Protein chains: 4
Amino acid sequence: MGHSIRTYSKDDELVAARREEIARNVARVFVKKGYDRTSVREIVDACGMSTGTLYHYVGSKEDILYLVINHGLSIYTDFFEETAVDLDTISPTDALVCAIREFYQRLDKFQDFTVFIYQETKNLQSSARQSVLDAERRLVRIFERLLTRGCEVGEFKIDNVTLVAHDIVVVAEMWAVRRWFLRKCCTLEEYTRHHIDSFLKCISPTHFTEGYTS
Amino acid sequence: MGHSIRTYSKDDELVAARREEIARNVARVFVKKGYDRTSVREIVDACGMSTGTLYHYVGSKEDILYLVINHGLSIYTDFFEETAVDLDTISPTDALVCAIREFYQRLDKFQDFTVFIYQETKNLQSSARQSVLDAERRLVRIFERLLTRGCEVGEFKIDNVTLVAHDIVVVAEMWAVRRWFLRKCCTLEEYTRHHIDSFLKCISPTHFTEGYTS
Amino acid sequence: MGHSIRTYSKDDELVAARREEIARNVARVFVKKGYDRTSVREIVDACGMSTGTLYHYVGSKEDILYLVINHGLSIYTDFFEETAVDLDTISPTDALVCAIREFYQRLDKFQDFTVFIYQETKNLQSSARQSVLDAERRLVRIFERLLTRGCEVGEFKIDNVTLVAHDIVVVAEMWAVRRWFLRKCCTLEEYTRHHIDSFLKCISPTHFTEGYTS
Amino acid sequence: MGHSIRTYSKDDELVAARREEIARNVARVFVKKGYDRTSVREIVDACGMSTGTLYHYVGSKEDILYLVINHGLSIYTDFFEETAVDLDTISPTDALVCAIREFYQRLDKFQDFTVFIYQETKNLQSSARQSVLDAERRLVRIFERLLTRGCEVGEFKIDNVTLVAHDIVVVAEMWAVRRWFLRKCCTLEEYTRHHIDSFLKCISPTHFTEGYTS
DNA sequence: CATGAATGAGGTTTCATTCAT
DNA sequence: TATGAATGAAACCTCATTCAT
């Protein structure tokens, strides 16, 4: 799916394993030094491979960027596709709060990745970039579903569900991206609680607002 | 202030003029191709200067990144330092709404810059990066002041003023950074209105909330 | 005979078969892309072999060039050694004309090979090159014999038989090598007839010439 | 004219001088080792330049091949465009004989080049190759003109002037290309005389031939 | 002050060949 | 015998920067 990477090997399993290995090893280096500033020399050193072997499983340096970004995305995408099931058994509000908490904590763990993706996605060619953006869209959709369920049972009242879901995701990512600012401002717990409160206020149906129209 | 750049010239005015010229011309190229992928040759072509002249007024390629980013920041910082004055004469709520509207529209115009800054600040060395981050902080502070005034006169009720101000700025920047998502989701007007409503809900003192504690 | 190629196999027949297979398959690729620009990977792909197997029957990439060139030479050498027999039963002039016609038509069919040999023989190491040149020499000798017979029976009168025989071969090869020019100039039939006429004029004993001495 | 080569310099004269220098120095190496087997490292060593400087005046390794081939072609093309004038003042036969003699001697001097061009033209991309072939065509045309003049005054009688002119050029080039054979067969003087005689016989109007039709 | 030719280290990628399986 | 993963030297080319003019 998405983007196809050249290999000289015909053993699909081996290719997948080696690429996983590459992504895992290179991630650290890319996050630290940035993509453009990491040389292929440094990449192969980090992988403990020879140049030739690397290019056996990968068509170009950019393919490696793609692997690393996808590896990073999977870390939290995968997670959500697992836990999202349980959320159906509790009230929409509880589910939303729980999901946000989990998500924010998860992003806190993988801060470096989040920042990295924000900085390097631009360097991908169109097809590779599309599949990264798709992963982001799936992330938003997870929250969309939670919000929609809440609307259906009357617990939430939301004009633009997509926009709210998007905000939830973005605010989480900002905890990583803007850490240079936020760390001096509050703890993750405060940050999370503040935004959970904010989101709930905004989507609560009991809150009467005349709607500010400029 | 901030970061000092090497020059061989002793004519301060000329240096400033040339640097302004460089920043203005190179901005477009950097925004389009990214810093690392822009060669010094492309830089001098964009400036209509010779390499020698460029290095007469600038110590390194990275200095140019610093110039461009600062040039970009000034575009909206300066603006705000002008218009912020008038805002004192109207009610805090009106002032806030007005400021947000102006800010969001301004960022809409300079989307490319915003995205660029999000992507390239990491490439700056410590001292240069600090002065960029300072500019961002000043931006937040503008909204902090508006919010604080509102709190003082009882129009707003806010636990963490800095955090809200920061959110206002970040949400604006996301309109540029996440345009690939948001353009398909709503117009700038809808985006702005949605968030103004949200922010007002969250800081309104009349809204009673028990505070969701997980 | 000629040049010896390393193998790890002891089954001579298998070795010969495999080498024949290699030459046949790789010929097309070499003719199209040139020797230096064809990678070993492309060679094994063309052969449907693994790298390991290839190097089992061949010592180096250059050995393959040798195989291919010899394969190419055999295409027309073999042919001549078959048909040359019949030529003894007809008059020297008829035999010559017939041989030239056959030869020119044959080369027309294997143009690519001829061009290839002109371009790549230089890449062979000394011993391999010698055996290629030997094949060319045998080709010339075929015509030498025809011419000599004609001289003996008084049908031809030639100062330097070798030189004329060599010209006959070279002119044929030029039809392939200089096709970019000759195709726009005449058909194969015209080309052949023109040169048969020329050769006959030059070797005819009835033609009186004082010999141009500068 | 013909093929355009990238340069970073704007000083046309300097570019021409440097390229001339490159062609002159690299020619020897290319002729000796072949194009593909000569590394850029060896090229810059032969030129006494740094890599950077080389690529200042040339876009790629292949451009250098183009320069060298053109340099080689000019050696005899230029020559002819000078001497061809005088030939108009003598009889067509004398002019032809004289031109052939000069040409064959000239090619003898630049054997290496001739061989090189036969082997490497294939490596040029289309546009560059075209302009090399054009130079060859101009060479043929020189002899075409001489032959045509002879026909007009009745000294020659030729069916296909172009083909004869082409033969004259090709036979000359073969003296270089097939030296491995011809050196053992005759001297340049013998080779030249033999072919002058042959050509004159073939184009002489007094020689009666019924035309051999198979 | 302004120019742009010169530098050579370092960039990414390909290559022919080996050898453990 | 047959395989193809692994190697790392060497390929071509670009780069930011300097300095003589």
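What you see is a predicted model; the values in this text were computed from it and never measured.
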> Roughly how many Å is it from CD1 in Ile64(D) to P in dA11(F), rounded to a whole number?
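Distance, rounded to whole Å: 14 Å.
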> Does Thr53(D) place a side-chain N or O at less than 4.0 Å from the phosphate oxygens OP1/OP2 of dA5(E)?
no
> Do Leu67(A) and Asp63(A) come close enough that some side-chain heavy atom pair is under 4.5 Å?
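No, every pair of side-chain atoms sits at 4.5 Å or beyond.
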> Under the 3.5 angstrom rule, does the side chain of Lys32(B) hit a backbone N or O of Asp112(B) as a donor-acceptor pair?
no
> Name the orientation class of the two ring planes belonging to Tyr118(D) and Tyr118(C) (parallel below 30°, tilted from 30 to 60°, perpendicular beyond 60°).
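Rings of Tyr118(D) and Tyr118(C): tilted, 30 to 60°.
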> Apply side-chain contact (heavy atoms from CB on, under 4.5 Å) to Val15(D) and list each qualifying residue two or more places apart in sequence or on a separate chain.
Thr7(D), Ser9(D), Arg19(D), Tyr57(D)
> Ser60(B) or Leu54(A): which one's nearest nucleotide on DNA chain F is closer to the 5' end?
Leu54(A)
> Taking the side chain as C-beta and beyond, is there a heavy-atom pair between Ile22(A) and His71(A) under 4.5 Å?
no
> Please enumerate all residues that pass side-chain contact (heavy atoms from CB on, under 4.5 Å) together with Val29(C), with sequence neighbours excluded.
Thr38(C), Ala46(C)
> Could you tell me whether Arg24(A) and Glu21(A) have a side-chain N and a carboxylate O separated by less than 4.0 Å?
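Not counted as a salt bridge, because no side-chain N and carboxylate O are separated by less than 4.0 Å.
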> For Ser4(D), is there any backbone N or O sitting under 3.5 Å from a side-chain donor or acceptor partner on Tyr66(D)?
no
> If you draw the axis of the six-membered ring of Phe116(D), does the NZ or CZ of Lys122(C) fall within 45° of it and under 6.0 Å from the ring centre?
no
> When you check the phosphate oxygens OP1 and OP2 of dA5(F), does a side-chain N or O of His56(A) lie under 4.0 Å from one of them?
yes
> Step by step, would you call Tyr35(C) with Val68(C) a side chain to side chain contact (heavy atoms under 4.5 Å, CB included)?
CA-CA 10 Å; Tyr35(C) 169 72; Val68(C) 169; over 6 Å; no
> Taking NZ from Lys61(A) and C1' from dG11(E), how many angstroms apart are they, rounded to a whole number?
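Nearest whole value for this atom pair: 8 Å.
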> For Arg41(A), enumerate each residue passing the side-chain contact (heavy atoms from CB on, under 4.5 Å) test, keeping only those at least two apart in sequence or located in another chain.
Ser39(A), Asp45(A)
> Can you pull out how bent the helix from dA2(E)-dT21(F) to dT21(E)-dA2(F) is, comparing the axes over its first five and last five pairs, to 10°?
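Terminal axis comparison yields 0°.
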> Just how far, in rounded Å, is C1' of dT13(E) from OH of Tyr57(A)?
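In whole Å, dT13(E) C1' and Tyr57(A) OH are 17 Å from each other.
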> It should be established whether Tyr55(B) places a side-chain nitrogen or oxygen under 4.0 Å from OP1 or OP2 of nucleotide dT17(F).
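Tyr55(B) to dT17(F) OP1/OP2: side-chain N or O found under 4.0 Å.
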> Would you mind telling me which residue lines up with the more 5' stretch of DNA chain E, Glu62(A) or Gly52(C), judged by nearest nucleotide?
Glu62(A)
> May I ask you to list the residues of residues 36-51 of chain B, by number, that have any heavy atom positioned under 4.0 Å from an atom of DNA chain E?
Ser50(B), Thr51(B)
> Please list, by residue number, the residues of residues 6-33 of chain A whose heavy atoms come closer than 4.0 Å to an atom of DNA chain E; answer none if no residue qualifies.
Arg6(A)
